[in-house]
Amino acid sequence: MMTRKPSQTFRTSQLEAADGPGRNPTDSRTMGEIIAARFSRRGFLQGSLATTAIAATVGRTAFDAAPAAAQTSGSAFSFPEVTAGVDADHHVAEGYDADVLLRWGDPLFPDAPAFDPDNQSEQSQERQFGYNNDFVGYIPIDGSSEHGILVVNHEYTNEHLMFPGVVTKADQELAEGDAELSIAPADAWRVGVEMAAHGGTVVEIRKDSGKWQVVLDGARNRRITARTPMEITGPAAGHARLQTAADPAGTRVLGTVNNCAGGVTPWGTYIMAEENFHGYFLGVLPEGQAEAGNYDRYGVPGGSYEWGNFETRFDLAQEPNEPNRFGWIVEVDVEDPTSTPKKRTALGRFKHEGAQNIVAPGGQVVMYLGDDERFDYVYKFVTAGTYDEADRAANMDLLDDGTLYVARFDEDGSVTWMPLTFGEGPLTAENGFESQADVLIETRRAADLLGATPMDRPEDIEPNGTNGRVYVMLTNNTKRDEANAANPRPENAFGHIIEIAEEGGDFAATTGTWEILVQCGDPSIAEVGATFSTETTENGWFGMPDNCAVDADGRLWVTTDGNSASATGRTDGVWAVDTEGEARGTSRLFYRVPVGAEMCGPQPTPDMATFFVAVQHPGDGGDDWEGFGRPSYYEDLSTRWPDFDEALPVRPSVVAITKQGGGRIG
């Protein structure tokens, strides 16, 4: 997901902002080096094939000598493709409807006030849909695909888009090419609204006459914010490094932040992943404080927010242990709106992106986890216990006990899952680990010592129960400098997708194989090195894969973050990607968002009749588009969006996509 910049000077280049600081000091070979070595071993580096070695491993590619007309499609998708481009509207494939279901500020309860951007308050925001919706999950009620619980993460806030009057730099200065927005300093009121706009939403929804509606009096409706009391569970609970003045036991924490992608468990709980938590802290650690090295590995303090000026727990000088209480996976029982969410420390502490999961053949639940920063790692967690389909209560603490693994990708095409277990290998007292709690609090350092493979921003990771494979979204890494014939993109601006096949089709296995499904970018530019199939049209290719979903038919859908007028000449969107047969590596554009927006989600209903997607920060970072307009929505909405329509996602929104006349999506 896009890394948020400090509020005083917010850079509007999404691609640059998305890179993250990149703080991995390891000497382990990067994925680029491993890919290069792998293809060198295979003997692909000869003549003109030197620039297309990676492409040659994924079947029929955009650089294949065989003419496109001679190839058989065999695609799993049949919808008419959307035309790629940039404008202030959203677009869906012909024959489909895209209806805004929820927007920032929409009421979630009968007593919630109507949205008023000029009169926001913390109290009203706690009763309304939050900001910058990211992960979207659907939990059926009584097995229904037309009546269920929608769960949505609210990742972060954009003050310049939320609050009238906070942009202090004149429009003329922006028009003259300045890429920075100057934001007025925060006050306690604004911080309160921001904290209430974070977290997540749990809301009942129902399909009525073909259209989805929010059930305002739904018994499960709930807002989770940066102030919601939470329990810390698992091996790190109660550890001295999690204890604070407000919580001397180290088992209770207020709130969750930067909830990016997530997941839904087989027993119907909501998983929130805490990603860029470093940005919420400011100040300086007291001299001699033992956490300095730990925090440096995570980029703490990031100082993107000013909360620490108003809440002491976000000021390192006053609460040096507070950052250790963030960066976890949070589990929420949606059936009980009074329940206390739980931070499950067994799944490690890092910049979590996603928590998609599946039941392995042996009954263990396997959760795949990405650490979204340049040169960081791919993880999975395997529960010690097994899932009991007939007993929900028996599953409620499965995530407190199990093994966390980190991936090493080798040049022979193998992947090894290495356990992050105290006392094994280098994870001992000699290296500063006194317990499993220490290993989990410093997951990144533990993975460094094991020799995990540094990746190009691992984001969503999706297991596919139909074909037994796992898809890893690697968004980009413009700081990678390894250049060689086999890997001609030393600055990976457009990302790629890796496909893992676990040994024996067992998601709990500790070994498997890996392959590149597709390298992203414009295949018409040879030096980009993109590897979409030759049947991918000029509208079908994409860059910066971010979220993904596997539908009930086992088909892969990918959403993106970072496409723009300057980067790719198109906005972000939802692409359908074939993974099997002659069509493997073919991509087709299904839905695209307004200028400046990031495409999140996606989430199909079990019957594949509805596709929920999240439109995040529309209008942000669109300064490279001729029709961009003003830097704040509410100073003059009609000027910013000349064709403004309440039906458009001009605020962060969840959109429900359905087929006209009914039927399955795709």
Side-chain angles (χ1 to χ4, degrees), residues 92 96-104 106-112 127-130 133-154 199-224 262-272 331-339 341 356-357 389-393 395-396 465 549-553 557 574 591 600-615 647 649 653-666:
V92 70
Y96 292 83
D97 290 326
D99 299 312
V100 175
L101 173 63
L102 275 166
R103 302 165 298 172
W104 166 51
D106 281 353
L108 297 172
F109 308 91
D111 63 349
R127 310 293 286 172
Q128 298 166 335
F129 192 63
N133 35 261
D134 195 295
F135 169 75
V136 179
Y138 177 82
I139 302 172
I141 294 177
D142 297 328
S144 176
S145 289
E146 298 192 349
H147 183 205
I149 304 166
L150 198 71
V151 292
V152 184
N153 281 351
H154 301 296
T201 288
V202 178
V203 63
E204 185 178 337
I205 59 173
R206 186 190 299 272
K207 200 173 187 181
D208 185 10
S209 300
K211 298 295 182 181
W212 286 92
Q213 306 292 332
V214 170
V215 181
L216 289 179
D217 59 354
R220 303 169 182 83
N221 293 5
R222 180 180 191 178
R223 271 303 319 281
I224 295 164
V264 171
T265 65
W267 52 96
T269 56
Y270 165 32
I271 301 296
M272 308 171 72
E331 184 175 14
V332 181
D333 182 1
V334 300
E335 292 297 326
D336 180 4
T338 68
S339 63
Q356 296 293 355
N357 52 91
E389 185 176 6
D391 188 353
R392 184 175 188 266
N395 304 313
M396 293 302 286
V550 171
D551 66 26
D553 296 331
W557 302 79
V574 180
Y591 173 84
C600 302
Q603 176 63 56
T605 52
D607 65 357
M608 275 302 296
T610 301
F611 217 63
F612 296 108
V613 296
V615 178
S653 304
V654 171
V655 175
I657 300 174
T658 55
K659 195 170 186 178
Q660 294 169 0
R664 295 168 68 85
I665 298 287

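Every heavy atom of this structure was used, including side-chain atoms; hydrogens, water molecules and symmetry mates were not.
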Taking only residues two or more places apart in sequence or in another chain, which ones pass side chain to side chain contact (heavy atoms under 4.5 Å, CB included) with [X]?
{"X": "Arg392", "value": "Trp267, Thr269, Asp333, Glu335, Met396"}
{"X": "Glu146", "value": "Ser144, Lys207"}
{"X": "Gln356", "value": "Phe135, Asp460, Glu462, Pro463"}

Please examine the side chains of [Y] and [X], heavy atoms only from C-beta on, and report whether any two atoms are closer than 4.5 Å.
{"X": "Cys600", "Y": "Val136", "answer": "no"}
{"X": "Tyr591", "Y": "Val615", "answer": "yes"}
{"X": "Val92", "Y": "Phe611", "answer": "no"}
{"X": "Arg127", "Y": "Leu108", "answer": "no"}
{"X": "Leu150", "Y": "Thr201", "answer": "no"}
{"X": "Trp104", "Y": "Asn133", "answer": "no"}
{"X": "Phe129", "Y": "Val152", "answer": "yes"}
{"X": "Ile149", "Y": "Tyr270", "answer": "no"}

Inset, instruction - Test Gln213 against Arg206 for side-chain contact (heavy atoms from CB on, under 4.5 Å), laying out the working first. - result: CA-CA 5 Å; Gln213 306 292 332; Arg206 186 190 299 272; 5.6 Å; no

Between [X] and [Y], which heavy-atom pair has the shortest distance, and what is it?
{"X": "Arg223", "Y": "Gln128", "result": "NH1-O, 3.0 Å"}
{"X": "Val332", "Y": "Pro341", "result": "CG2-CB, 4.0 Å"}
{"X": "Asp99", "Y": "Lys211", "result": "OD2-NZ, 2.7 Å"}

How many angstroms lie between atom [atom1] of [X] and atom [atom2] of [Y], to the nearest 0.5 angstrom?
{"X": "Asp607", "Y": "Asp551", "atom1": "CG", "atom2": "CG", "answer": "11.5 Å"}
{"X": "Glu331", "Y": "Thr265", "atom1": "CD", "atom2": "OG1", "answer": "5.5 Å"}
{"X": "Asn153", "Y": "Ile271", "atom1": "CG", "atom2": "CD1", "answer": "10.0 Å"}
{"X": "Ser339", "Y": "Arg220", "atom1": "OG", "atom2": "CZ", "answer": "12.0 Å"}
{"X": "Leu216", "Y": "Asp106", "atom1": "CG", "atom2": "CG", "answer": "9.5 Å"}
{"X": "Arg222", "Y": "Thr338", "atom1": "CZ", "atom2": "OG1", "answer": "7.5 Å"}

Inset, instruction - Apply salt bridge (charged side-chain N to carboxylate O under 4.0 Å, His left out) to Arg664 and Asp553, showing your working. - result: CA-CA 10 Å; Arg664 295 168 68 85; Asp553 296 331; 2.6 Å; yes

Inset, instruction - Please work out whether the ring planes of Trp212 and Tyr138 are parallel, tilted or perpendicular, with thresholds of 30° and 60°. - result: perpendicular

